[in-house]
Every structure is written in structure tokens, then in C-alpha cells.
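Notes for the one structure printed next.
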Amino acid sequence: MVFDSKAFFDTLFSSIFFVPALTTLAITFLAMAMAIVLGFGGALAALSRYRALRWLAQGYLGFFRGVPVLVQIVFWYNALPVLTNNAINLPALVAGTIALALNEGAYMTEIIRSGLISVDPCQREAARALGMTKPMAMRRIVMPQALKVIIPPTGNQFIAMLKTTSLLFAIAVPEIFSTGTNIYSQNFKYFEVLFVVSIWYLVLTALLTALQKVIERRFAVRPRRSTVLAQEHG
Amino acid sequence: MALVEIKNVHKRFGNLEVLKGVSLEVEAGQVVCLLGASGSGKTTLLRCINHLETIDDGEIKVADELVGYARDKNGKLREEKDRITSAKRARIGMVFQRFNLFAHLTVLENVSEAPVQVLRLSADAARKRALDLLARVGLKDKADHYPHELSGGQQQRVAIARALAMEPRLMLFDEPTSALDPELVGEVLETMRRLAAEGMTMVVVTHEMSFAREVADRAIMMSEGQIIEDAPPEQFFSAPSHPRTKSFLARILPAQN
């Protein structure tokens with residue numbers, strides 16, 4: 001194999017991947033933000049005492065986890081305009097982000113649900129016995145404890161999402177991978193270009209991993225604060 | 001008017017009827033101990049008082065108000081809005097067998113959380129109240145610790161302070177010493193004893209016969225979902241009238257002394 005180091009370094013140090021990298025990050029954060037909101041809704045529905053809501057959550061989960069995400073992406077971009085007689089015709093970026101968010105929301109539903117059921121029901125009962133309403137007990141007592149279980153796998157999903165955005169090349173969203181495909185289809189330096197593309201993804205995942213560490217530390221048991229001393233001295 | 005009025009309460013779990021028409025009145029300032037074998041319904045009755053359990057028939061009033069239910073215009077009981085029940089619960093303290101302190105909050109935050117969230121006390125006022133209460137249960141120096149750093153007895157004393165921070169007019173205790181190592185039982189009972197001496201109305205499910213004998217105004221024996229004996233402790237322990245109370249005491253007392 002001949003490694004064209006000039007093509008490799010030219011591609012690596014060209015500014016052509018800057019905007020696509022930002023696009024990739026933006027799609028990742030937007031899709032994950034939407035997925036987390038969907039996941040909270042889905043988890044609450046899945047744990048609801050109303051059967052209809054539990055069924056709704058089950059249906060959502062079953063469908064969006066069962067259909068390949070690539071199929072969903074193409075559906076939102078290509079099939080939806082046809083289906084609606086062009087009433088809904090989303091730009092590729094929007095269609096792609098929605099598709100990723102809806103798919104991811106199903107996984108986040110499961111992650112958040114497992115976080116919520118990991119909290120001892122007695123914690124909620126103690127909160128209720130103190131006169132907290134259901135939403136208050138959820139927000140102040142159950143959720144903060146559930147977050148410790150929810151955050152690590154969510155970090156994982158973030159990183160997975162960053163890489164899954166590459167599927168949006170199928171609907172020509174200008175993210176990192178599709179930018180790479182444009183380059184190698186012109187210069188045929190498949191290996192060199194894919195190497196550069198991989199480096200970009202590695203750098204971004206390293207970034208997200210560092211961010212995850214910071215957030216996990218933030219939600220670990222907090223260090224002791226000296227309230228008593230502060231009061232007695234102040 | 002009694003502070004707690006329980007009238008003909010029935011409670012079923014599926015096909016199992018755990019309360020079979022229980023009636024009981026507790027006057028303000030009284031300390032009532034609920035005794036009986038496990039499965040007799042005493043914990044369920046306690047949990048019905050603040051509506052942690054629904055009831056299937058009868059009614060329960062605290063300070064002349066139904067808890068968890070409202071009467072519609074036909075006089076039928078309907079479950080009331082969560083917000084309203086929560087406000088009533090705020091005035092009924094509860095202490096659990098397994099403490100149930102909030103694991104993610106410090107001791108101080110455990111005690112001040114509900115006063116801030118539910119009673120809308122300012123953070124400063126709630127903190128001051130919490131520190132006062134922690135001093136009362138002898139744990140002011142543990143204010144900044146997390147629950148898992150405390151012994152069981154200390155955790156239970158914090159749980160008592162947490163309940164008192166809501167300024168309840170009634171305290172419910174669900175086997176507060178059953179999960180404790182024997183050497184830690186005394187400190188919790190001492191805290192409860194002082195609370196009783198201050199005039200708090202208390203309903204206590206317990207297996208601590210010495211506490212019932214020395215502190216309670218009334219000892220109540222439950223068996224198979226019914227109250228079978230309700231007497232001042234002197235009479236309850238020396239001359240029980242019901243044969244099942246006699247056999248219960250015969251089984252439990254030698255082991256205790």
C-alpha cells in the first residue's frame with residue numbers, strides 16, 4: 001500500500017473540516033437535548049399508573065428501537081414530503097436531527113426509567129410523608145438521586161450519537177463524514193481521507209469524554225460544607 | 001373532639017383484609033402504643049392515618065379533617081387532590097422503621113428541605129430551625145455529614161428532627177427501633193420519651209414493651225386486623241382481658257427482660 005503522506009497532511013491541516021465538525025457537534029447536542037426531554041417524558045409515561053400512558057411509552061420504545069436509524073433518517077427527509085404532498089418538506093439538517101432525536105429518545109427513555117427505579121421507593125414515601133407533592137418529591141428527592149445512575153450511560157449515548165451523525169451523509173448533511181466522502185470521491189485517497197475523518201471523530205469524542213468526567217464529578221456526593229461553623233462564626 | 005378519629009376502617013390488599021373495621025380515637029397530647037404480632041395490621045393502620053395507604057371503607061379524621069378524601073355532595077368519599085392531601089400530611093410527622101433519610105442531602109439539608117419546599121420558609125429560617133432541632137436530638141455536630149456516615153441510632157434521631165421541623169401536631173412512629181442494633185435503641189427511645197414529656201401527640205407501633213409500659217397513656221393490642229384490647233399500660237400489662245393479649249405478652253415479655 002502506498003500512503004500518500006502529502007494528501008494526508010494536506011487534508012489534516014486544511015480548514016475544510018472546521019465547519020463540518022461544528023455541524024456534527026451542533027447536531028449531536030441538539031439531538032441529545034431533544035432525546036433527553038423525550039426520555040424524561042417517556043420514562044414518566046412508562047412508570048405511570050395509567051395504562052394508556054404505559055402503552056404509549058411501550059409503543060414508542062418498540063417502534064423507534066426496532067426500526068434502523070438510517071431508515072428513519074431517510075424517512076424524515078425523503079418519504080415525509082411525498083407522504084404529505086410537500087406540506088412538510090424539512091431541510092436535511094432539520095430532518096436528520098429530528099430523526100436522530102426521536103430514535104435516541106427511545107434509548108434515553110430506558111436509561112432514565114432505570115435511573116428512576118434505582119431510587120429506593122422509601123425515599124419518595126418519606127418525601128410524601130413530609131407533605132411534598134408528587135412533582136416536588138420527584139424533582140427534589142428522587143431525580144437528584146436518579147441522576148447518579150442516569151449520567152454515565154447518557155455520556156455513553158452522547159459519544160455514540162456523535163458517531164451516528166455520520167449516517168446523515170445519506171441525506172447530504174454537511175457533517176464530517178460526508179465532507180470526507182466529497183473529498184475522496186474527487187482525489188480517490190480513500191485511506192488518507194478516512195484517516196483524517198477518524199482523527200476528527202477521535203478528537204471530538206475525547207472532548208466529550210472529558211466533559212462527561214467533569215459532569216460526573218459535579219453530581220457525585222458533594223464535599224462537606226461547614227454550615228455549623230459558618231453559622232457560629234457569622 | 002379527639003385529634004385522631006378513626007371510624008370503622010377497612011383495608012384490603014387484594015383478597016386479604018388487613019383491617020377489619022378498626023375504630024380508635026386519640027386525644028391531643030396522648031401517647032398511644034400499637035402492639036401486636038406482625039401481620040396484625042398495626043403498621044397498615046398507622047400508614048392509613050396520613051394516607052400513605054388508601055382505605056376501602058370507614059373514615060379517618062385528623063384535627064377534624066378527613067385525610068386523603070373529601071365528601072362529595074352525595075356524602076360519598078372521593079380521593080381528594082394530591083396538593084390538598086400533601087398540605088394535611090405536612091402537619092403529621094412520620095418516622096419510619098428504616099429511617100429513610102434523603103441519601104443525597106446532608107443531615108442539615110434533610111431537616112431543612114421540607115420546611116423550605118413545603119412551608120416556604122426562607123433558607124435562613126429553615127437552617128436555624130434545623131440546627132435547633134439537631135441540637136435537641138444531640139446531633140448538631142453532625143449537621144454537615146451525610147446520612148450514610150451516621151449510625152442507625154443517629155439516623156433515626158435525625159429522622160425525628162426532620163419530622164419535627166414541620167411542626168406537626170401528631171407524630172406517627174412505625175417501629176422506630178426495630179432496625180437498630182440493641183445498643184442504639186436506647187438513644188432513640190430517650191428522644192421519643194422527651195418528645196412525649198413535651199406533650200406531643202404520638203401514635204407508636206412498637207415491640208418495645210418497656211417504652212409502652214413507661215411512656216404510653218394507652219396500650220392497644222391489635223390482632224387479625226382488629227383492636228382487641230385498649231387499656232392504660234398498668235392494666236394492659238398486669239391484667240389483660242383478652243386471651244390473645246395474654247398469650248402475646250407471655251411470648252414477648254420473658255424475652256425482653
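Keep in mind that the numbers below use all heavy atoms, side chains included, and drop hydrogens, waters and symmetry copies. Lettering follows sequence order; numbering is per chain, from 1. Since we're looking at a predicted model, the values are computed, not measured.
At least one side-chain heavy atom of B:S86 sits under 4.5 Å from a side-chain heavy atom of A:R128.
Not a single donor-acceptor pair under 3.5 Å links the side chain of B:H104 to the backbone N or O of A:M143.
Atom OG1 of A:T133 and atom CZ of B:R89 lie 10.5 Å apart (nearest 0.5 Å). The CG atom of B:L105 lies 8.5 Å from the CD atom of A:Q123; values are rounded to the nearest 0.5 Å. Between the CD1 atom in A:I141 and the CD atom in B:E113 there is a gap of 5.0 Å [rounded to 0.5 Å].
For A:R139, the part sitting under 4.5 Å from any heavy atom of chain B is the side chain, from C-beta outward, and nothing else. Looking at B:I92, the atoms closer than 4.5 Å to chain A (heavy atoms on both sides) all sit in the backbone: N, CA, C or O. Heavy atoms closer than 4.5 Å to chain A are found nowhere in B:L134, neither backbone nor side chain. The part of B:F96 that comes within reach of chain A is its side chain, from C-beta onward, which places non-hydrogen atoms under 4.5 angstrom from that chain. Residue B:R47 touches chain A through its side chain alone, counting heavy-atom pairs closer than 4.5 Å.
Your options are B:V95, B:L52, B:L172, B:N50, and the one with the most heavy-atom pairs under 4.5 Å with chain A is B:L52. Per-residue counts of heavy-atom pairs under 4.5 Å with chain A were compared for B:L119, B:L101, B:T85; the largest is that of B:L101.
A:A126 approaches B:R162 most closely through the heavy-atom pair CB-NH2, 3.6 Å.
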Step by step, would you call A:M136 with B:D82 a side-chain contact (heavy atoms from CB on, under 4.5 Å)?
CA-CA 11 Å; A:M136 205 185 277; B:D82 177 41; over 6 Å; no

In sequence, state the C-alpha distance, the side-chain angles, and the governing distance for A:E125 and B:M94, and then conclude on side-chain contact (heavy atoms from CB on, under 4.5 Å).
CA-CA 10 Å; A:E125 191 162 82; B:M94 184 153 193; over 6 Å; no

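Annotation for A:F63: atom CZ does not count as buried by contact number, only 12 or fewer foreign heavy atoms lying within 6.0 Å. Other residues, nucleotides and ligands place no more than 12 heavy atoms under 6.0 Å from the CZ atom of B:R98. Surrounding CZ of B:R83 are at most 12 heavy atoms belonging to other residues, nucleotides or ligands under 6.0 Å away.
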